[in-house]
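These notes concern the structure reproduced below.
Keep in mind that this is a model prediction, so the values were computed, not measured.
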Amino acid sequence: TESNDPAIYYTTDGTAPTYNSYRYEEPFYLTEGGIIKAISLMASDHRQSEVVTAEYDIAKSGWEVISPQIKNAAYLIDDNPNMGGWVDINKPVIIYFGRQLLMKGFSYLPNPDKTDANISRYEIEISSDGKNWNKVISNGLFQNIRNNPIYQQILFDKTVNAGYIKLIIKELTDQGN
């Protein structure tokens, strides 16, 4: 018999979920990122919740911080704002993805402690081999990041293929932003 408890139904193709969509039974992987739309449905009378949408980045498994070569460099990509990695305006952050990725942009999770230095101005370069670099963003700016250190998502003008990304720090918030 069907339960009176609500069940969750979801899609991964951008369409609105219905009773005929996938029923959530157990955790699943979305390693290449994507958008999940979900609803909660009552089995007895098909009442449903509003659609909830969540967007996920590419999974960071296999990623490696190549530069800077510091003790806790992995903190730079761990998605924990309280464990932010140390950054230096004189040393770019270079991340190797472990494979070629099609990228639409990048995200930055600053340290929420307003007394810590966060990146405010930056450039982004990408590479297939870690030797030849192409600039995809010059003179980037995280607006008002000193007063509002929240998750930042930056989209490129076009999708790029990259095995590496280089974040060149031009200015930190403790330098007058």
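- Side-chain N or O atoms of Glu26 include none that pairs as donor or acceptor with a backbone N or O of Tyr24 at under 3.5 Å.
- Using a 4.5 Å cut-off on side-chain heavy atoms (C-beta onward), Ile35 and Thr12 make no contact.
- Note on Asp129 versus Lys131: no salt bridge recorded, every NZ/NE/NH1/NH2 to OD/OE distance being 4.0 Å or above.
- Relative ring orientation between Tyr19 and Tyr9 is described as tilted, the plane-to-plane angle lying within the 30° to 60° band.
- At a threshold of 4.5 Å between non-hydrogen side-chain atoms, the residues Ile8 and Ile39 do not count as touching.
- In this structure, the side chain of Lys104 does not engage the main chain of Thr159 through any donor-acceptor pair within 3.5 Å.
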For a side chain to side chain contact (heavy atoms under 4.5 Å, CB included) check, start with the C-alpha distance between Ile154 and Tyr108, then their side-chain angles and the critical distance, and finish with the verdict.
CA-CA 8 Å; Ile154 306 301; Tyr108 171 55; over 6 Å; no
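- With sequence neighbours excluded, the residues that form a salt bridge (Lys or Arg N to Asp or Glu O under 4.0 Å) with Lys135 are Glu123.
- Summarising the geometry, atom OG belonging to Ser107 is positioned 10.5 Å from atom CG belonging to Leu155; distances are rounded to the nearest 0.5 Å.
- Under the 4.5 Å side-chain criterion, counting only non-hydrogen atoms from C-beta, Pro17 is in contact with Val51.
- Using a distance-only test at 3.5 Å, with no hydrogens or angles considered, a donor-acceptor pair links the side chain of Ser127 to the main chain of Asn132.
- Rounding to the nearest 0.5 Å gives a distance of 11.5 Å between OG of Ser49 and CE of Met42.
- Closest of all the heavy-atom pairs between Tyr164 and Ile94 is CD2-CG2, 4.3 Å.
- Residues Thr53 and Glu55 are not in side-chain contact: their nearest non-hydrogen atoms beyond the backbone lie 4.5 Å or more apart.
- Few gaps surround CZ on Arg99; more than 12 heavy atoms of other groups in view lie less than 6.0 Å from it.
- When the shell of 6.0 Å around CZ of Phe28 is examined, it contains more than 12 heavy atoms from other residues, nucleotides or ligands.
- Shown here for Ala162 and Met103, the closest heavy-atom pair between the two residues is CB-SD, 4.1 Å.
- Annotation: Asp45, atom CG; neighbour count of heavy atoms from other residues, nucleotides and ligands within 6.0 Å is above 12.
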